[in-house]
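First the structure, in the form of structure tokens, and then the observations on it.
Ligands are counted one by one from 1 in listed order, and the atoms in each one are counted from 1 as well.
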Amino acid sequence: MSDFLQASLHHLLVFTIAAVLACEWALLRPGLAPATLRLLARLDAVYGLSALGILLVGFGRVMHGAKGAAFYTANPLFWTKIGVFALVGLLSIKPTLRILAWQKRLRADAGFTPSSADIAALRPLLLAELMLFAAIPVLAAAMARGIGHA
Ligand code: HEM
């Protein structure tokens, strides 16, 4: 039962992160209105919490899942999955810091909108996050079936 609950939560968090990243990508466009910037900041907070959540649930599944921790830790594809997830996290640092800084500016000036150049600088990072994130379920499906074991 615990394995089933953890697996369900894991999947829900995956879909949440995918949806949030796609929304952020769609919203982050030149001419970002103050209300949209506030929404973007809320979405980014949901992204951060969900990423933390999947990290906890994911390692919970490794430690307490039905297959035992060694099934995963001995598989290089598991570590590739973790590495890609870490890379997505690293790529998200700059957008998150920028969004927080813009929100601070917005608090001081209700009409503040980020420059088009600032926004354009973040879009490739978000796209890279989305593309790398899409690779993780493929690695997960392989890892879950023991593909990658020497
Ligand atoms: C550090 C974070 C993560 C850890 C430690 C982790 C760990 C795990 C574990 C232990 C399983 C169970 C595999 C099995 O049934 O034997 C699993 C399944 C899965 N994970 Fe993760 N995961 C993490 C993050 C993610 C992320 C970010 C995604 C999506 C982008 C993801 C997608 C999946 C999918 C789709 C499955 C089901 C695979 C299948 O049964 O075919 N995981 N994960």
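- For ligand 1, the atoms lying closer than 4.0 Å to a non-hydrogen atom of Leu55 are 1 (C).
- Residues Val46 and Leu43 fail the side-chain proximity criterion, which asks for heavy atoms closer than 4.5 Å.
- For atom 7 (C) of ligand 1, the nearest non-hydrogen atom from the set Lys81, Arg61, Gln6 belongs to Lys81.
- Counting the atoms of ligand 1 from 1 in the order shown, those under 4.0 Å from a heavy atom of Val62 are 10 (C).
- Annotation: atom 27 (C) of ligand 1 to nearest protein heavy atom, Phe85 CD1, 3.4 Å.
- Ligand-side atoms of ligand 1 in range of Lys67: 14 (C), 15 (O), 16 (O), range being under 4.0 angstrom from any heavy atom.
- With hydrogens and angles disregarded, a donor-acceptor distance shorter than 3.5 Å links the side chain of Trp79 to the backbone of Thr73.
- Residues Ile54 and Val14 have side chains in contact (heavy-atom distance under 4.5 Å, counting atoms from C-beta outward).
- Here is the list of ligand 1 atoms found below 4.0 Å of a heavy atom in Met143: 8 (C), 9 (C), 11 (C), 13 (C), 17 (C), 43 (N).
- Among all heavy-atom pairs drawn from Gly65 and Asp3, the shortest one is CA-OD1, 3.8 Å.
- Contact annotation: for Tyr72 versus ligand 1, heavy atoms closer than 4.0 Å belong to the side chain alone.
- Contact check for Phe78 versus Ile82: side-chain heavy atoms found under the 4.5 Å cut-off.
- Counting only heavy atoms from C-beta outward, the side chains of Tyr72 and Lys81 never approach each other to under 4.5 Å.
- Distance from atom 28 (C) of ligand 1 to its nearest protein heavy atom, with residue and atom name: Ile136 CG2, 3.4 Å.
- Proximity to Val14 (heavy-atom distance under 4.0 Å) selects the following atoms of ligand 1: 28 (C), 29 (C), 31 (C), 32 (C).
- Closest to atom 36 (C) of ligand 1, if we only count protein heavy atoms, is Ala140 CB, 3.6 Å.
- With hydrogens left out, the protein atom closest to atom 37 (C) of ligand 1 is His11 NE2, 3.8 Å, a heavy atom.
- The proximity of Ile17 to ligand 1, defined as any non-hydrogen pair under 4.0 Å, does not occur for either the backbone or the side chain.
- Contacts of Phe59 with ligand 1, taken as heavy-atom pairs under 4.0 Å, involve both backbone and side chain.
- Protein heavy atom at the shortest distance from atom 39 (C) of ligand 1 is Arg145 NH1, 3.6 Å.
- Atom 21 (Fe) of ligand 1 has no N, O or S atom of Gly58 inside 2.8 Å of it.
- In this structure a side-chain-to-backbone donor-acceptor pair under 3.5 Å is present from Arg145 to Ala141.
- Residues Leu97 and Lys94 are not in side-chain contact: their nearest non-hydrogen atoms beyond the backbone lie 4.5 Å or more apart.
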